[in-house]
Amino acid sequence: MAYASWRSPEPLLLPEVTPLRARALIGTDQTRYAVAPFGRAGLVLMVARGEAEGLLAAGFHVTEVDRIAQLVRAAAVILGDRLDLVSVPSVISRS
């Protein structure tokens with residue numbers, strides 16, 4: 001985990017995931033996730049929706065997952081070989 005939203009729960013429990021393609025999934029606590037791999041250095045962009053005010057989170061639509069994958073591909077093209085230099089941070093940064 002490199003960055004988390006200021007509204008993300010603490011502790012943030014992420015599912016173990018190593019996707020080969022962008023996809024949506026549901027965690028054990030019914031949190032909805034969309035994941036998209038960068039294809040380098042084992043990096044994965046993970047977006048989550050959780051329960052709010054007693055309402056269950058909506059699942060990610062296939063078009064949302066596709067847009068996330070497009071963003072990841074665009075970022076990978078811009079970053080290029082610099083993605084190979086990324087290491088796992090020791091702390092979570094909240095933004």
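Residue numbers count from 1 along this sequence.
- Here the closest non-hydrogen pair linking Ile68 and Ala34 is CD1-CB, 3.6 Å.
- Between the CZ atom in Arg73 and the CG atom in Asp66 there is a gap of 6.5 Å [rounded to 0.5 Å].
- The CZ atom of Arg32 lies 11.0 Å from the CD atom of Glu51; values are rounded to the nearest 0.5 Å.
- Nearest heavy atoms, Ala57 versus Arg49: CB-O, 3.4 Å.
- Listed here is the closest heavy atom pair of Pro37 and Ala22: CD-N, 3.8 Å.
- Minimum heavy-atom separation, Val65 to Arg23: CG1-N, 3.6 Å.
- Considering all non-hydrogen atoms of both residues, Phe38 and Ala75 come closest at CE2-CB, 4.0 Å.
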